[in-house]
Amino acid sequence: MIGRNPDFFIRRCLNEKMRIFIIRSTVIACYFGSKFQDMAYWVPWSLFWFWVGVVISYFFSITTLIFVLILLLKNRKLAKDESIINFLIMGFGSIAVIFSMCMTTFLIVAGLSGF
């Protein structure tokens with residue numbers, strides 16, 4: 001099959017690279033989404049590292065959602081096992097990132113309002 005269609009291998013490699021990127025960016029976004037509060041105490045008189053953690057969390061969250069949308073919008077024929085793997089990775093990544101963004105926003109609002 002690869003001999004007949006040389007683009008098949010290239011598309012499959014790009015698909016795998018996008019999956020790995022989605023997994024990595026999801027992990028980074030969730031990590032900084034849970035650790036940015038601890039970063040506020042690195043320097044007691046400034047919230048600089050707090051906001052760095054927030055920006056990193058939001059950046060990787062939005063990046064994950066963009067790449068999930070790109071992978072969804074690509075109209076190509078996948079084998080059954082590849083479509084199941086894509087669905088699981090995109091579903092888990094989207095849910096985890098949206099939850100992380102909601103918690104980060106909630107903690108920012110709660111922290112700045114004095115709770």
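Hydrophobic clustering of Ile, Leu, Val, Met, Phe, Trp and Tyr side chains at less than 4.5 Å, counting indirect connections, unites Val52 with Ile28. Residues Ile23 and Val97 fall within the same hydrophobic cluster, defined by Ile, Leu, Val, Met, Phe, Trp and Tyr side chains chained together at heavy-atom separations under 4.5 Å. Both Phe59 and Phe48 are members of a single hydrophobic cluster when ILVMFWY side chains are connected at heavy-atom separations under 4.5 Å. By the criterion of side-chain heavy atoms lying less than 4.5 angstrom apart, applied directly or through intervening Ile, Leu, Val, Met, Phe, Trp or Tyr residues, Ile56 is grouped together with Val43 in one hydrophobic cluster.
By the side-chain contact (heavy atoms from CB on, under 4.5 Å) test, Trp42 pairs with Met39, Trp49, sequence neighbours left out. Listed by chain and number, the residues in a ring pair (Phe, Tyr, Trp, His ring centres under 6.0 Å) with Phe21 are Phe67 (sequence neighbours excluded). Here Trp51 pairs with nothing under the ring pair (Phe, Tyr, Trp, His ring centres under 6.0 Å) rule; sequence neighbours left out. Partners of Phe50 by ring pair (Phe, Tyr, Trp, His ring centres under 6.0 Å), not counting sequence neighbours, listed by chain and number: Phe36.
Note that the CG atom of Leu88 and the CZ atom of Phe92 stand 11.0 Å from one another [nearest 0.5 Å]. Note: Met18 CE to Ile22 CD1 = 5.5 Å, rounded to the nearest 0.5 Å. In this structure, the separation between CG on Leu65 and CE on Met90 is 12.0 Å, given to the nearest 0.5 Å.
Across Ala29 and Ser61, no two heavy atoms sit closer than the pair CB-OG, 3.4 Å. Heavy-atom minimum distance, Gly53 versus Phe32: O-CB, 3.9 Å.
Contacts classified as side chain to side chain donor-acceptor pair (under 3.5 Å) and involving residues 22-39 (residues at least two apart or in different chains) are given here: Ser25-Thr64.
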Would you give me the side-chain donor-acceptor pairs under 3.5 Å for residues 102-109, sequence neighbours excluded?
| residue | atom | partner | partner atom | Å |
| --- | --- | --- | --- | --- |
| Thr104 | OG1 | Ser100 | O | 2.7 |
| Thr105 | OG1 | Tyr58 | OH | 2.5 |
| Thr105 | OG1 | Met101 | O | 2.8 |

